[in-house]
Amino acid sequence: MLQLTFPDNSVREYDAGATGADVAGSISKSLLKKAVAVAIDGELRDLSDPIEANAAIEIVTRDDPRALELIRHDAAHVMAEAVQELWPETQVTIGPVIENGFYYDFKRETPFTTEDLPKIEKKMQQIIQRNAKFTKEIWSRDEAKEYFASKGEDYKVELVDAIPEDQTVKIYKQGDWLDLCRGPHMASTGQIGQAFKLMKVAGAYWRGDSDNEMLTRIYGTAWASDKELKAYLHMLEEAEKRDHRKLGREMDLYHFQEEGPGVVFWHHKGWQLFQNLTNYMRRRLEGDYQEVNAPQILDKSLWETSGHWEWYHENMFVTETEDHRTFAIKPMNCPGHVQIFKHGLKSYRDLPLRMAEFGAVSRYEPSGALHGLMRVRAFTQDDAHIFCTEEQMAEECHKINDLILSVYKHFGFEEVVVKLSTRPEKRVGSDEVWDHAEAVMTEVLNEIEERSGGKIKTGILEGEGAFYGPKFEYTLRDAIGREWQCGTTQVDFTLPERFGAFYVDSDGEKKQPVMIHRAICGSLERFLGILIENFAGHFPLWLAPQHFVVAAITSDADDYAKEVHAALKKAGLRGELDLRNEKINYKVREHSHAKIPVIIAVGKREAEENTVSIRRLGSRNQTILGLDEAIVNLVDEATAPDLKELAS
RNA sequence: GCUGCCGUAGCUCAGGGGUAGAGCACUCCCUUGGUAAGGGAGAGGUCGGAAGUUCAAAUCUUCUCGGCAGCACCA
């Protein structure tokens, strides 16, 4: 007999080997009908799986959040079947569930195009309507390999070979079609429903390796209900409006042009935004860091010493002079900072020495990687290198983490994910050094999570570390949910050694410092891109490139408008004066489109009463205030959060 | 870099083998109007670039540059 515990803690007995379907059916017919899977001790399983041991059981119905993964996974299978029904010569490879949907990678002589998607969708609808049952079979390896080989499915054969010896080869059938799959699946294709849509086609390398063949990937999204699908598609549409590339143009912040792929032309307003960010960051460094500025161009030999030449020279901008010297435009600030550290003897008393730079770096990024401000070929890092002793290392990592979280909070990012990237395959340094560095970082990571009271989520990215050391990555999301690495902390035992950097310890001995590379925003360009999208261009006043526009309603009020403009400027606020021969409606519309946070309209009435009419971005209302009062309010609002904290 | 798609005025886009079109923006004039487009007139592009096919190319072909999506990369 089998004892199964239900979510309400009731326990029921079944014959050993009873399936999830048996259990659901024993409770009610309607439950059996609604059931798509079972969770045994929290793990999703097929309804048809026999249950062999006592366990906690939950019948998962289609409206359970966990069913969404199954809907998507099953949709991927159905898409593969649809594709093979339409184009039998196509090979299928893998098709996992991803955030918001699924994809499947196919191998076909002529890759699919967007025009094929409606055809595939239609076929999928038919397959779903057939409502074939998903059935599972366990095959022997040879059987599976022979079958897929006979079908010309070379990739599947490779996948069978890749299944670890201790695992069985599972085959899921839906009608006449079958696929190698780990499962679980729902009971039948009909349970997928019709709330899905194929989104796009793209190339993707087999097994994620650019040395391999490129396959065609079809992305789809799938939801439990039509309503959710519509909401998701609507969300994407809305997110597109916040795209920083679109807003950058509309708000006149910056532009790109053909002659400078991946390099930004910052316009006045965009540069003001940039300055607002650097000024803020500079204040946050005060006291703890010394700001420096290292040369933009340095001899190749320095990059050879640092190791960057060997690892990245094809991604460096290189320049040769008349006298045949080869220089590289700096892709990193670290070698420069080490030179500054080495200049003059350093004592243990100087440590930790925190050296910061708003460093403009240039990297010849692959053309396909460029993406607005997020990935550019010349950008500014809010970089710093901390030279410290090994004992100081953990504490410094915490200090950096505190600073990063505090900065992010000021920009409205409270739920931050910190990930530890560990040793990559290609790396420098001995395993002992890596073991040690990773151990320290792991401990710090755990402490970060603990100290945050669970607010900070952490994770490990195996093999994603820098070639010289493990790193923490702080990623933020753009409007449509793409993740971008922003902050980072990297410990490095290698560079100081390569450059022969040392300090004199208390015992008079030369010792090698540990070097911690860190960035808060990472790339200021990228961070601004993220900010533009997250604020949808509606910046808080302290960040906004422009605070206000003073718009005269009639030319009678021009003189007063000038007065108001001057008074606001004198108070340190940034803004323009609009005396154009246009109606106030027109001016309001235009400045609203430009996302000016505060429109100050003045006409005869205001001039007579020494007041201003204030209209805030996003609001249809106006507030009439005395000029002086308005200025006091705006100045207060335009004060950066760090300065406010200092004042309070 | 790879796969697919795209590239027409500052912006958004239509057109499509016979020598370019709309709306907005821009300039000028009228209008002095109270919170998301008042009216009129005008200027502006040779259709990303190069080569080829053709009597004729922006329109077809090839190459090239740039962009978009995804993959790969991201010190």
Side-chain angles (χ1 to χ4, degrees), chain A residues 103 105 110-116 199-219 243 245-246 249-250 252 255-262 303 306-316 330-335 361 363-372 374-377 379 381 424 426-428 464-469 471 473 480 482 484-485 488 490 492 495 517 522-523 526 551-558 581-593 599-606 613-615 617 619-622:
Chain A
Y103 67 76
D105 286 346
T110 39
F112 300 102
T113 69
T114 332
E115 284 156 26
D116 296 323
M199 304 295 282
K200 55 196 171 197
V201 286
Y205 296 107
W206 168 237
R207 298 198 145 178
D209 186 337
S210 57
D211 290 335
N212 290 339
E213 208 168 352
M214 182 158 267
L215 309 168
T216 308
R217 176 172 297 180
I218 301 180
Y219 284 93
D243 190 308
R245 293 165 296 188
K246 186 173 152 72
R249 197 169 44 237
E250 289 172 3
D252 193 20
H255 84 270
F256 290 95
Q257 65 188 48
E258 280 201 27
E259 293 84 348
W303 305 105
S306 73
H308 291 104
W309 189 265
E310 185 191 340
W311 292 80
Y312 291 108
H313 73 100
E314 69 280 10
N315 295 315
M316 288 163 77
K330 71 171 172 181
M332 312 270 316
N333 303 301
C334 8
V361 294
R363 301 175 180 181
Y364 192 68
E365 302 284 14
S367 56
L370 302 180
H371 184 102
M374 304 300 197
R375 190 84 182 269
V376 288
R377 286 187 173 148
F379 59 101
Q381 292 180 316
K426 285 177 74 184
R427 59 178 182 267
V428 295
E464 299 285 313
F467 72 87
Y468 50 72
K471 62 178 183 180
E473 288 186 24
I480 68 166
R482 283 179 287 227
W484 299 93
Q485 186 196 304
T488 181
Q490 315 174 352
D492 180 359
L495 215 55
H517 309 241
S523 147
R526 173 179 293 180
I553 294 167
T554 65
S555 46
D556 289 350
D558 281 3
N581 176 16
E582 297 291 352
K583 291 196 172 162
I584 191 64
N585 300 40
Y586 181 91
K587 294 183 181 180
V588 165
R589 179 182 148 85
E590 194 185 81
H591 296 129
S592 298
H593 277 164
I599 299 174
I600 297 174
V602 295
K604 266 191 226 167
R605 225 154 48 214
E606 287 77 10
S613 162
I614 294 184
R615 180 186 167 125
L617 180 62
S619 158
R620 300 196 156 270
N621 307 325
Q622 306 140 46

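Order of the sequence lines fixes the chain letters, A, B, ..., with proteins taken first and strands second; residue numbering starts at 1 for each chain.
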Work out how far the [atom1] atom of [N] is from that of [M], and round it to whole angstrom.
N	M	atom1	result
C28(B)	G7(B)	P	35 Å
A22(B)	A41(B)	P	13 Å
C30(B)	G45(B)	C1'	30 Å
C47(B)	A58(B)	C1'	4 Å
U53(B)	G21(B)	C1'	28 Å
G15(B)	U8(B)	P	13 Å
C13(B)	C71(B)	C1'	31 Å
C24(B)	C6(B)	P	29 Å

How is [X] classified with respect to the nucleic acid when contacts are heavy atoms under 4.0 Å: base, sugar-phosphate, or nothing?
X	result
Arg375(A)	base
Lys604(A)	base
Gln490(A)	sugar-phosphate
Lys246(A)	nothing
Thr554(A)	base
Tyr219(A)	sugar-phosphate
Pro261(A)	sugar-phosphate
Ala601(A)	base
Gly208(A)	sugar-phosphate

Distance-only donor-acceptor test, [X] side-chain atoms vs [N] base atoms, 3.5 Å:
X	N	result
Tyr205(A)	G1(B)	yes
Arg249(A)	C11(B)	no
Thr216(A)	U3(B)	no
Arg207(A)	A72(B)	no

Is it true that a side-chain atom of [X] and a backbone atom of [Y] form a donor plus acceptor pair closer than 3.5 Å?
X	Y	answer
Arg427(A)	Pro424(A)	yes
Ser555(A)	Asp558(A)	no
Arg217(A)	Lys200(A)	no

> Are the ring of Tyr586(A) and the base ring of A37(B) both nearer than 5.5 Å at their centres and tilted by less than 30°?
Replying inline: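 Tyr586(A) ring does not meet the centre or angle cut-off for A37(B); no stack.
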>> Heavy atoms from C-beta onward define the side chain here; which of C26(B), C68(B), C73(B) lies closest to that of Arg245(A)?
In response: C68(B)
> Among G70(B), G34(B), G67(B), which nucleotide sits nearest the side chain of Arg217(A)?
Replying inline: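 Selected nucleotide: G70(B).
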